Amino acid sequence: MNRYQQELEKRRKSDLLRTLPSNTDKIDFFSNDYLGFSRSKELQQLIEQECRSRKHVRTGSTGSRLLSGNSQYVESIEESVAHFHQVESALLFSSGYNANIGLLSALGKKEVTFISDELIHASMIDGLRLSLANRRRFKHNDTEDLERQLSKTAGEKIVLVESIYSMDGDIAPLQTILEICKEYQAELIVDEAHAIGVVGQKGEGMCSNLGIQNEVLATVVTFGKAMGTHGAAVLGEKWLTKYLVNFARSFIYSTAPSDHQLASIKCAYELNQSSSGTRDQLQSNIDCFVSRRNEFSELQWLDSSTQIQSMIIPGNAEVVAAAVSIQKSGIDILPIRSPSVPDGSERLRVSLHSFNTTEEIDILFTALKNGI
Ligand SMILES: Cc1ncc(COP(=O)(O)O)c(C=O)c1O
């Protein structure tokens, strides 16, 4: 065995080996397709019409945006994304991962300190690692600790949070965080991956919904979750877009999105605008789930009021066994192991969707009761 194979073997022995699951047709309590857009026939038709209506559709964009990959089409979509979110400018990236690593590595000069919530997503952590900036962390959603960390930090400061946390499903106290940032002359960046499409009457996300969209340095919205497609955008002022076009390496050295991807993003925004009923349906499923959850108070639920609900089952082997048992009832549910989450906080992560039925929620709770 070479050193890499030995490493894999070590992972396997500690129940940490990652393998690709096979696709199933079970009840979906695991995908990020919160509004069912990725399975929406309406969205598929909109995309087909959009592609047919355009004269020169290319299968590939042929190069980086700074070389042959730019087009009026991509610029017009960025304009409409910016318009929807009521910001000066939007810059598309091929994924949320690339948006976060591009944004943070570009902004993270050595004079800067990033102060991040301890639960920020791996893509932000990797962005920090690629940057030259100093780093501090504050306890999850703990605004007193944020203040403590800010007060200990001299120079330029940028605070990093998510609006809805991907693993705990809880919400950042954004208004308080913003006030504290202002007090300490710090900038704020918000990752809205799990809020876009879900939060607000028009699915505009948390910052826009709270009226603070233009008070933060940048927000990152991603299209692979509630929007049912793929890609991401960094929203901010015009200078920020200009800066990223010059310094964000994941933007500069990567092929621009294809016309089909652009059409998908455009149409997902169209469908999103007319989806308030779908959002209401999601909310009523969340309400139903939370009231059922409270009947099972002996289980260790995290306190979440969003579409992401997690139940702590400490231990990697234990959480995997629980997931396998529940999957036998025809349910797709994800065990989240450490180190993806802190040691001891391994969990079953339940993703709720607009298309889940009350009956499916009942099946899930019966399976949880029997399987844990
Ligand atoms: C909070 C958060 N940010 C960014 C990303 C990355 O986005 P993408 O999947 O588009 O690369 C994810 C994906 O899971 C996420 O949960």
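Every number for a ligand or one of its atoms is a count from 1 in the order of the listing. Source: prediction; values computed, not measured.
- Taken from CH2 in W301 to CG in L368, the straight-line distance is 5.0 Å, to the nearest 0.5 Å.
- Residue-ligand proximity, H194 to ligand 1, at heavy-atom distances under 4.0 Å covers atoms 1 (C), 15 (C), 16 (O).
- Of all atoms in ligand 1, numbered sequentially from 1 with element shown, those under 4.0 Å from a heavy atom of Y97 are 6 (C), 7 (O), 8 (P), 11 (O).
- Ligand 1 lies out of reach of M124, whose nearest heavy atom is not under 4.0 Å from it.
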From CA spacing to verdict: side-chain contact (heavy atoms from CB on, under 4.5 Å), L104, I189: CA-CA 9 Å; L104 300 189; I189 294 178; 3.9 Å; yes
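- Residue contact check: A193 has heavy atoms under 4.0 Å from atoms 1 (C), 2 (C), 3 (N), 15 (C) of ligand 1.
- Between S275 atom OG and Y269 atom OH the span is 13.0 Å, to the nearest 0.5 Å.
- The number of heavy-atom neighbours closer than 6.0 Å to CZ of R249, taken from other residues, nucleotides and ligands shown, is 12 or below.
- Only the side chain of N100 comes within contact range of ligand 1, with a heavy atom under 4.0 Å; no backbone atom does.
- Among protein heavy atoms, the minimum distance from atom 5 (C) of ligand 1 is reached at H121 CE1, 3.4 Å.
- Judged by the shortest distance from any of its heavy atoms, K225 lies inside the 4.0 Å radius around the atoms of ligand 1.
- Listed by number with element, the atoms of ligand 1 under 4.0 Å from a non-hydrogen atom of E162 are 1 (C).
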Check the pair E9 / R12 against salt bridge (Lys or Arg N to Asp or Glu O under 4.0 Å), numbers first and verdict last. CA-CA 5 Å; E9 189 50 21; R12 191 190 62 75; 2.6 Å; yes
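- Selection from G96, S166, S123 by nearest heavy atom to atom 7 (O) of ligand 1 gives G96.
- By the 30° and 60° cut-offs, the orientation of the rings of Y243 relative to W239 is perpendicular.
- Summary of contacts: the protein heavy atom closest to atom 3 (N) of ligand 1 is D191 OD2, 2.6 Å.
- For the pair K238 and S89, the tightest heavy-atom approach, listed with the atom from each and the gap, is CA-CB, 3.9 Å.
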